[in-house]
Amino acid sequence: MPDLTEEEYDALDEKWTKTTPKVGPNGTGFFAQRKAAAQTARSITVDSFTADYLLTKAIAAHKTPAEIITEMVQEKLAAAMQEQ
C-alpha cells in the first residue's frame with residue numbers, strides 16, 4: 001500500500017476528526033449491534049475446501065462468509081418448510 005501524501009493525511013485527519021459515530025437509543029447504534037452480534041456468534045471448524053468455497057462466494061457477492069452461511073441455512077429451512 002503506497003504511503004499517503006501530506007494532503008491526503010490532512011484530509012483523512014479532518015474527516016475522522018469531524019465525523020462522530022451515530023448512536024441510537026436502546027442498543028440500535030453501531031457499537032451496540034456489533035457487541036450483540038459478537039455475543040451471539042459461534043465458532044465452527046470447516047475443512048479448507050469449504051472455507052475456500054465460502055470465501056470465494058463471499059468475495060463474489062460482496063458479503064461476509066457469515067452472511068453466505070446464513071443465507072444458505074435460511075434457504076434450506078425455507079425448502080424444508082415447503083416440503084411439509
Side-chain angles (χ1 to χ4, degrees):
M1 183 173 171
D3 200 19
L4 300 175
T5 64
E6 281 297 317
E7 292 81 20
E8 291 170 325
Y9 277 119
D10 291 339
L12 279 175
D13 179 54
E14 183 175 341
K15 175 183 177 182
W16 294 116
T17 302
K18 293 183 178 180
T19 303
T20 56
K22 295 181 180 179
V23 296
N26 303 324
T28 58
F30 174 78
F31 294 110
Q33 289 176 353
R34 298 294 283 177
K35 183 178 178 184
Q39 289 175 344
T40 60
R42 299 206 176 153
S43 187
I44 60 168
T45 304
V46 295
D47 60 284
S48 61
F49 177 78
T50 304
D52 291 343
Y53 174 80
L54 287 170
L55 188 58
T56 302
K57 293 277 289 185
I59 290 170
H62 302 291
K63 297 180 180 181
T64 65
E67 290 171 325
I68 298 297
I69 293 169
T70 300
E71 289 175 0
M72 292 171 72
V73 170
Q74 289 174 351
E75 289 171 6
K76 288 286 189 180
L77 289 173
M81 295 299 282
Q82 289 179 352
E83 290 177 3
Q84 292 181 358

* **Co-membership, hydrophobic cluster, residues Trp16 and Leu4, 4.5 Å side-chain** => yes

Practice problem: State, without any angle test, whether Tyr9 and Asp3 hold a side-chain donor-acceptor pair at a distance under 3.5 Å. | Solution: yes

Rounding to 0.5 Å, atoms CD (Gln74) and CD1 (Ile69) come to a distance of 12.0 Å

Inset, instruction - State plainly whether one hydrophobic cluster holds both Leu54 and Phe49, where clusters connect Ile, Leu, Val, Met, Phe, Trp and Tyr through side-chain heavy atoms under 4.5 angstrom apart. - result: no

In this structure, CG of Leu77 is separated from CE of Met72 (nearest 0.5 Å) by 12.0 Å

To the nearest 0.5 Å, atom CG of Leu55 lies from atom OG1 of Thr50 at 12.5 Å

For Ile68 and Ala58, the nearest pair of non-hydrogen atoms, with its separation, is CG1-CA, 3.8 Å

